6 protein chains.
Amino acid sequence: MNGFACKAPQSVSADDFTFSGLNKAGDTNNPAGFKATLVTVNQIPGLNTQGVSMVRLDFAVGGVNAPHIHPRASEMLIVMEGTLEVGFVTTLPETKLITKVLQAGEAFVFPQALTHFQRNVGKGTAFAIAALNSQNPGTQPVLAAVLGSNPKIPVEVVAKALQADNNVVTQLQSKFK
Amino acid sequence: MNGFACKAPQSVSADDFTFSGLNKAGDTNNPAGFKATLVTVNQIPGLNTQGVSMVRLDFAVGGVNAPHIHPRASEMLIVMEGTLEVGFVTTLPETKLITKVLQAGEAFVFPQALTHFQRNVGKGTAFAIAALNSQNPGTQPVLAAVLGSNPKIPVEVVAKALQADNNVVTQLQSKFK
Amino acid sequence: MNGFACKAPQSVSADDFTFSGLNKAGDTNNPAGFKATLVTVNQIPGLNTQGVSMVRLDFAVGGVNAPHIHPRASEMLIVMEGTLEVGFVTTLPETKLITKVLQAGEAFVFPQALTHFQRNVGKGTAFAIAALNSQNPGTQPVLAAVLGSNPKIPVEVVAKALQADNNVVTQLQSKFK
Amino acid sequence: MNGFACKAPQSVSADDFTFSGLNKAGDTNNPAGFKATLVTVNQIPGLNTQGVSMVRLDFAVGGVNAPHIHPRASEMLIVMEGTLEVGFVTTLPETKLITKVLQAGEAFVFPQALTHFQRNVGKGTAFAIAALNSQNPGTQPVLAAVLGSNPKIPVEVVAKALQADNNVVTQLQSKFK
Amino acid sequence: MNGFACKAPQSVSADDFTFSGLNKAGDTNNPAGFKATLVTVNQIPGLNTQGVSMVRLDFAVGGVNAPHIHPRASEMLIVMEGTLEVGFVTTLPETKLITKVLQAGEAFVFPQALTHFQRNVGKGTAFAIAALNSQNPGTQPVLAAVLGSNPKIPVEVVAKALQADNNVVTQLQSKFK
Amino acid sequence: MNGFACKAPQSVSADDFTFSGLNKAGDTNNPAGFKATLVTVNQIPGLNTQGVSMVRLDFAVGGVNAPHIHPRASEMLIVMEGTLEVGFVTTLPETKLITKVLQAGEAFVFPQALTHFQRNVGKGTAFAIAALNSQNPGTQPVLAAVLGSNPKIPVEVVAKALQADNNVVTQLQSKFK
């Protein structure tokens, strides 16, 4: 469980601990204007049991990393370029939004598994680097999970949660293929 | 950190380990038709450091426990009375819905911090008992967090996430005070 | 280690997270007048790595869940029906008994791996639901472990612990086949 | 939680990490012929958060460390002098006794919170050194916990567990003041 | 222990989760040609209990982050600019050096508490961002710890470890004030 | 993950939990005048998942256990015979040496992964028993790691760290084959 669990220490090489390609901006040519490039145990076998991973976040102008959670990790982010509005929501009974506009060089913390988002509110592209304390943090965009899962969550469940009519929900669901 | 952290062992009494009142159904006379009665370290001081808590979930006919997460716990539920449809959504890239209709006496597991829900799909009231592996699991209803936080998450962020117009978002937000 | 360790996320189904049969009272037609129905990772594969399990405890009139430990878990119990006397013993130097008579709807906490028991002190049958913070908590009834292990613990060891004669121990051991 | 939680790093001194007096055999002039000298966070403040402690175990000829558990630790023991019979009992459904006679220089492992014992089966005194993976492991001698707690566990509970008459239990309880 | 341990949830603000100043290169005008700018729980109170921190590493041409350990963390690094030679040494019996030259955009993992280093082997300045899975990882440059502690480790101890004469050690120690 | 992960409970035997040979002093006929005899999960399969291991440390007159770290464990040591000078160095910015001369029967704690050493400063041989809170703690002698890894850490890296010339480093490296 500790250390080099999978490979014998004699046979590990530097490649088991390396990943390339984070110097290029991710492709943000999509409706969200956003791209996350994750480096977890799926990309670096040597991360196994080490409890850490990183991600590069690229934003077009106005790009949004939609509200999401990482079920198995806390996150810390540093804006490398541009201006990001970031925020997370606390648990019941407050569901308070803790939010901040960050310039390049500013860091922010998103506590364990709480819903959070980032948005590029600057005039140019933006990018950030973030750290997560799990080699396999997982990501769940909460609106896509509630409205766009496969199969869909029953309309009535979502309607009650939104205090809305079923046809409002059906319309919202239709945006997620 | 381990054991009886707060009180000296000599001064603890049975009351530090007891909570009353779970025999009565929670009041489900509300729009959701649902009431959660939590018993965490806030209710039982002796739970401190023990890493466990429980909750009673009551449902009116058609009542819904809206999609939510517990940021610091896995959950296991047993239906005590009635019929519940339950489900959780997996992480990216699947965001698969794992769902099941449970009769009284059936148990189900909601993995660590994943979005999940329950709905009463039977003809009478229903109730369930659930276990969480944290004395302070926290609860975040994800739609209320995204649409009803205080202050609100910027309309544009939610609109991008929903692939919808701003006025759709404003209308959805207006349902949450 | 985190998440869905054993099965690929694509192949999991709701059955991996479900267990049936807790609606019927366990068969208490035995000398103890007691039956525990456990739902651990042995019954629900999806509990793997989730750190939680549950158990249904049924008691005939006067039935006793003998003093026991769970080596890998804390426990929290809710009385669903009937009246239970419950208790646990603290560590040295106190070995204090913390005890309480619980009515239906009352909850109680048994700290990590401490010796504890329950007894039906009401006029009818009783049952309880309990939560444990391990998917594989283990159970060790301490008197059966000391007097009825296979093979037996040497008579002299038990005699010293009881401050009793060897033949007292032999007689006590003979009750455990 | 990590590191030197309580004292500022500038003010710690070697005395916060030191304990004296394990060179003398503990006084085994008692009915059990046994003495445990523990060195936990209660004796060494610098153990706080370090998750380890040690104990010296001294045995007169025939001396017994009665069956007991450490609710928050696994244990590993090395016999330094003499001959010890050691053993632990597994959980249900086996409750198998794993036992061994150890000579000086032999080591043995007692898994997390399982009931275990040691007995001097040699011709002279014996002593051992043991390691526990908690700075505050706790100790609960299980027979003393069941029969000698303060107040006593109800006679009927113990009688059921022993499959014995109440007066047998009362007599056993009377040995524990 | 979990969540917002220190402040009441009502009173936390965004400033508790923010840190500024990582956009400027650290001052590398020193003998090592290197500067680490850490952002741990000492800089961001909201990191408490979140188990993560980050650091910006700046290198002059030829600059070296001397061999060091983080006693309470694994580390993952991304080169943002320039070319870094990085490496870590495994435990006994191998003490194998796992090393790699990284270009901008390449990531590398340094396992839990192992001795590691980075060096700028490019023609210009370099900088990297690293993630650590503790809010309080600690840093210990191992040669400075062995040769430059206050007070000094006895000369004879270091001489044995180096298989060198005492005056070699004294000379090495004299470089560390 | 918990309990007897590898073997079925039915098939474990006492030999899975036993190790012999710690009664003989390790062979200290080597330049360091020191020998460590470890008992980890490599020696005792039953230690798997138990989070503890032990080690016997033997010292010739003047023998030295060179400065080293255990990347995955805290350590507690008891001097069984002789007189040991022990010490550890704290993290930046202090790198303070916490040191003590211990007589037989004295215990000392080396916090998680910090550089530490022991030296026999008595007139005869010495030995100690130590506990570590990992079944696989790992050992890294820091000077051998920095100067004697395979392949070697680049001379320039070590020279910067020592504030010394390259030829000083080459000479130091030559002692480690």
Side-chain angles (χ1 to χ4, degrees), chain E residues 31-34 62-72 85 87-99 111-115 117-119 121 137-154 156-164 168 171-172 175-176, chain F residues 31-34 62-72 85 87-99 111-115 117-119 121 137-154 156-164 168 171-172 175-176:
Chain E
F34 166 75
V64 168
N65 185 2
H68 64 285
I69 60 162
H70 303 293
R72 294 180 292 273
E85 179 182 33
F88 68 87
V89 181
T90 66
T91 52
L92 290 179
E94 275 81 16
T95 57
K96 193 170 154 179
L97 175 66
I98 306 288
T99 187
Q112 161 77 25
L114 294 184
T115 298
F117 69 92
Q118 300 104 26
R119 177 169 61 138
V121 293
T139 299
Q140 188 173 68
V142 293
L143 293 177
V146 172
L147 295 164
S149 64
N150 176 17
K152 293 280 193 292
I153 292 178
E156 295 78 7
V157 168
V158 183
K160 275 258 161 119
L162 287 175
Q163 304 163 55
V168 171
Q171 205 168 347
L172 291 168
K175 302 294 180 60
F176 298 87
Chain F
F34 166 75
V64 167
N65 184 3
H68 64 286
I69 60 162
H70 303 293
R72 295 179 293 272
E85 179 183 34
F88 68 87
V89 181
T90 66
T91 53
L92 291 178
E94 275 80 16
T95 57
K96 194 169 154 178
L97 176 65
I98 307 288
T99 187
Q112 161 78 25
L114 294 184
T115 297
F117 69 92
Q118 300 104 25
R119 177 168 63 137
V121 293
T139 299
Q140 188 172 68
V142 292
L143 293 176
V146 172
L147 295 164
S149 65
N150 177 17
K152 292 280 193 294
I153 291 178
E156 294 78 8
V157 169
V158 183
K160 276 258 162 117
L162 286 175
Q163 303 163 55
V168 171
Q171 204 168 349
L172 291 168
K175 303 295 178 60
F176 297 87

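Chain identifiers are assigned alphabetically (A, B, ...) following the order of the sequence lines, protein sequences preceding nucleic acid strands; residue numbering begins at 1 within each chain. Computed over heavy atoms, backbone and side chain alike; hydrogens, waters and symmetry mates excluded. Please read these numbers as outputs of a predicted model, since none were measured by experiment.
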Checklist line | Leading residue by heavy atom contact count with chain E [cutoff under 4.5 Å; candidates G63(F), G148(F), S149(F), G138(F)] | finding: S149(F)
Margin query: Need one label for Q118(E): side chain, backbone, both or neither, based on atoms under 4.5 Å from any heavy atom in chain F.
Written below: neither
Item checked: Contact winner vs chain F - L97(E), T95(E), V64(E), T139(E), heavy-atom pairs under 4.5 Å -> L97(E)
Next item on the list: Check each atom of L143(E) against the heavy atoms of chain F and say whether the ones under 4.5 Å are side chain, backbone, both or neither.
Entry: side chain
Margin query: Which heavy atom of A113(F) sits nearest to which heavy atom of I69(E), and what is that distance?
Written below: O-CD1, 2.9 Å
Next item on the list: Of all the heavy-atom pairs spanning K175(F) and A164(E), show the shortest one and how long it is.
Entry: NZ-CA, 3.9 Å
Next item on the list: Sort out for me which of L147(E), T99(E), I153(E) touches chain F most, counting heavy-atom pairs under 4.5 Å.
Entry: I153(E)
Item checked: Options P31(E), G62(E), A145(E), P93(E), ranked by heavy-atom pairs under 4.5 Å with chain F, top entry -> A145(E)
Next item on the list: List for me each residue that meets side-chain hydrogen bond (donor to acceptor under 3.5 Å, both in side chains) alongside Q163(E), sequence neighbours excluded, and say none if there are none.
Entry: none
Notebook entry, point to check: Do you know which of P71(F), P154(F), A66(F) has the most heavy-atom pairs with chain E at a distance under 4.5 angstrom?
Noted result: P71(F)
Notebook entry, point to check: Non-hydrogen atoms of chain E under 4.5 Å away: do they reach the side chain of E85(F), the backbone, both or neither?
Noted result: side chain
Note to self: List the residues meeting ring pair (Phe, Tyr, Trp, His ring centres under 6.0 Å) with F117(E), not counting sequence neighbours, and say none if there are none.
What the structure shows: none
Next item on the list: May I ask you to name which of G33(F), A144(F), P141(F), G87(F) has the most heavy-atom pairs under 4.5 Å with chain E?
Entry: P141(F)
Note to self: What part of K160(E) gets within 4.5 angstrom of chain F, counting heavy atoms only: side chain, backbone, both, or neither?
What the structure shows: side chain
Check: Is there a side-chain contact between L172(F) and L172(E), using heavy atoms and a 4.5 Å cut-off?
Finding: yes
Next item on the list: Examine distances only and state if a side-chain atom of Q140(F) and a backbone atom of T90(E) form a donor-acceptor pair shorter than 3.5 Å.
Entry: yes
Checklist line | Part of V157(F) lying under 4.5 Å from any heavy atom of chain E | finding: both
Check: Do side-chain atoms of Q112(F) reach the backbone of R72(E) as a donor and acceptor pair under 3.5 angstrom?
Finding: no
